[in-house]
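Here the structure comes first, spelled out in structure tokens, and everything after it is commentary.
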Amino acid sequence: MRREYIDSMPDLHATWLSRLNQHWSAALEALPSQCAICRRWPGNRFCADCLARWSQATPRCRLCARRLAGGAEICGACLKQPPRLSHCIAALDYAYPWQNVIARYKFQADTGLARGLGRLLASHPPTQQMLNGCDALLPVPASEQRLRERGFDHTLLLARAMQPAIPVWQRAVERRHTPQPQHELGRTQRLRHLQKAFSLAADHRARIPGKRIALLDDVMTTGATLDALAGCLLQAGAASVSALVLCRTP
Ligand SMILES: [Zn+2]
Ligand SMILES: [Zn+2]
């Protein structure tokens, strides 16, 4: 059993269904299918027309990937308070249609979408530039409880689907469960929770000093999660921490 599919609650109906769905999704991925955006078929999970329309590259802040106009490299917020990330890349806006696609992937366990999303991120030109300058790709971990609820590790599947030339660090960092979804917390409370959320796995501690690490996440909103994780890795001796995200809130 591969680690990204959690096998610890076999009596849970939802988990069983989710696993069955994963097998079907993998099988269906091999067949011509319906575009997940415009529903046209037969085609790929994202057809060429939808990709041309919805995945145009746009200038973004080098440190937080916010959209930027006017040729600047770094946004005002990052100039004022630089994040701990040395570089941040986003391929898409977290808006229609990607918001719906991500919801289907993550919350309806349509794991067949991982392949299309991973390829999309890997083919974004700045992605390869970033990965060429890094030693490891670290998918942002979910807590054990979240993994059990969901039945799969969505960032790990995404990392694997990208087929990076550098190692994917699985389980390098552990994430404690936060009792309520973080969007329900105020900013100060959220930051306090996040500072304590991540800890390094004992068997990875010695591998971190001197390494240039790229974090991977599906969605970036405030950037607080990535910043907290970057802080944890820098404190452990990482040479640099950058981030690669599929979608960024506009
Ligand atoms: Zn389409
Ligand atoms: Zn910025």
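Keep in mind it's a predicted model, so treat the numbers as computed, not measured.
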Checklist entry - So, does Arg45 use its side chain to make a donor-acceptor pair with the main chain of Arg115 at under 3.5 Å? => result no
Next on the checklist: I want to check something: taking the side chain as every heavy atom from C-beta on, are Thr249 and Thr222 in contact at a cut-off of under 4.5 Å?
Outcome noted: no
Item to check | Pair Arg175, Gln145: side-chain N/O donor-acceptor within cut-off below 3.5 Å | outcome: no
Checklist entry - Taking C-beta and beyond as the side chain, do Leu233 and Ile208 meet within less than 4.5 Å on heavy atoms? => result yes
Item to check | Between Phe46 and Trp54, ring centroids under 6.0 Å | outcome: no
Item to check | Check against side chain to side chain contact (heavy atoms under 4.5 Å, CB included), Leu113 and Val101 | outcome: CA-CA 8 Å; Leu113 284 168; Val101 172; 4.2 Å; yes
Checklist entry - Any donor-acceptor pair under 3.5 Å linking the side chain of Tyr105 with the backbone of His154? => result yes
Item to check | Arg84 side, atom CZ; Leu229 side, atom CG - distance, nearest 0.5 Å | outcome: 10.0 Å
Item to check | Asp153 side chain to Thr155 side chain, donor-acceptor N/O pair below 3.5 angstrom | outcome: yes
Next on the checklist: Please evaluate residues Cys134 and Ile213 with respect to the criterion side chain to side chain contact (heavy atoms under 4.5 Å, CB included), reporting the C-alpha separation (whole Å), side-chain torsions for both, the decisive distance (0.1 Å), and the verdict.
Outcome noted: CA-CA 6 Å; Cys134 287; Ile213 300 169; over 6 Å; no
Checklist entry - Which heavy-atom pair separates Ala114 from Leu158 by the least distance, and what is that distance? => result O-CD1, 4.0 Å
Checklist entry - Are the side chains of Leu244 and Thr127 in touch, meaning some heavy atoms are under 4.5 Å apart? => result yes
Checklist outcome for this item: In short, Tyr94 meets Pro250 closest at the heavy-atom pair O-CD, 3.6 Å
Checklist entry - With no hydrogens and no angle check, is any side-chain donor or acceptor of Arg248 less than 3.5 Å from a backbone partner on Cys64? => result yes
Next on the checklist: With a 3.5 Å distance limit and no angle check, can you tell me whether Gln81 reaches the backbone of Ala77 through a side-chain donor-acceptor pair?
Outcome noted: no
Next on the checklist: Under a 4.0 Å threshold between the charged nitrogen and the carboxylate oxygen, would Lys106 count as salt-bridged to Asp218?
Outcome noted: yes
Next on the checklist: Using only atom types and a distance under 3.5 Å, with no angle test, would you say the side chain of Gln128 pairs donor to acceptor with the backbone of Ala122?
Outcome noted: yes
Checklist entry - Where do Leu215 and Ala230 come nearest, in terms of heavy atoms and distance? => result CD1-N, 4.3 Å
Checklist outcome for this item: Between Leu79 and Pro82 the two heavy atoms that sit nearest each other are O-CD, 4.2 Å
Checklist entry - Under 6.0 Å from the CZ atom of Arg53, do we count more than 12 heavy atoms belonging to anything else shown? => result no
Item to check | Note, Cys247 side chain near Ile102 side chain (heavy atom, < 4.5 Å) | outcome: yes
Next on the checklist: Looking at every heavy atom in both Pro164 and Ala159, which two are closest together, and how far apart are they?
Outcome noted: CD-O, 3.3 Å
Checklist entry - Closest approach of Cys38 and Cys35, non-hydrogen atoms and distance? => result N-SG, 3.5 Å
Checklist entry - Under the 3.5 angstrom rule, does the side chain of Asp227 hit a backbone N or O of Pro83 as a donor-acceptor pair? => result no
Checklist entry - Is the shortest heavy-atom distance from the side chain of Arg60 to the side chain of Leu68 under 4.5 Å? => result no
Item to check | Steps toward side chain to side chain contact (heavy atoms under 4.5 Å, CB included) verdict (Leu85, Leu226) | outcome: CA-CA 8 Å; Leu85 294 172; Leu226 291 167; 4.1 Å; yes
Next on the checklist: Are Val219 and Leu246 packed together at the side-chain level, in the sense that at least one heavy-atom pair is separated by less than 4.5 angstrom?
Outcome noted: no
Checklist entry - Is the shortest heavy-atom distance from the side chain of Leu63 to the side chain of Cys88 under 4.5 Å? => result no
Next on the checklist: So Phe152 and Leu157, do their side chains get closer than 4.5 Å, heavy atoms only?
Outcome noted: yes
Item to check | Donor-acceptor side-chain pairing of Ser143 and His177 below 3.5 angstrom | outcome: yes
Checklist entry - Measuring from Leu92:CG to Leu117:CG, what's the distance to the nearest 0.5 Å? => result 8.0 Å
Checklist entry - Salt bridge check: are Arg171 and Glu144 linked by an N-O gap of less than 4.0 Å? => result yes
Item to check | Between CD on residue Gln108 and CG on residue Asn100, distance to nearest 0.5 Å | outcome: 9.5 Å
Checklist entry - How long is the gap from CZ on Arg62 to OG on Ser86, to the nearest 0.5 Å? => result 7.5 Å
Next on the checklist: Assess the residue pair His87 and Met130 against the criterion (side chain to side chain contact (heavy atoms under 4.5 Å, CB included)); give the C-alpha distance rounded to whole Å, side-chain angles, the decisive distance to 0.1 Å, and a yes or no.
Outcome noted: CA-CA 8 Å; His87 191 185; Met130 176 182 279; 3.9 Å; yes
Item to check | Reported CE-to-CG distance for the pair Met162 and Leu137, which is rounded to 0.5 angstrom | outcome: 5.5 Å
Checklist entry - What distance separates Arg212 CZ from Ser240 OG, expressed to the nearest 0.5 Å? => result 7.0 Å
Next on the checklist: Between Asp135 and Lys211, does any NZ, NE, NH1 or NH2 come within less than 4.0 Å of an OD or OE carboxylate oxygen?
Outcome noted: no
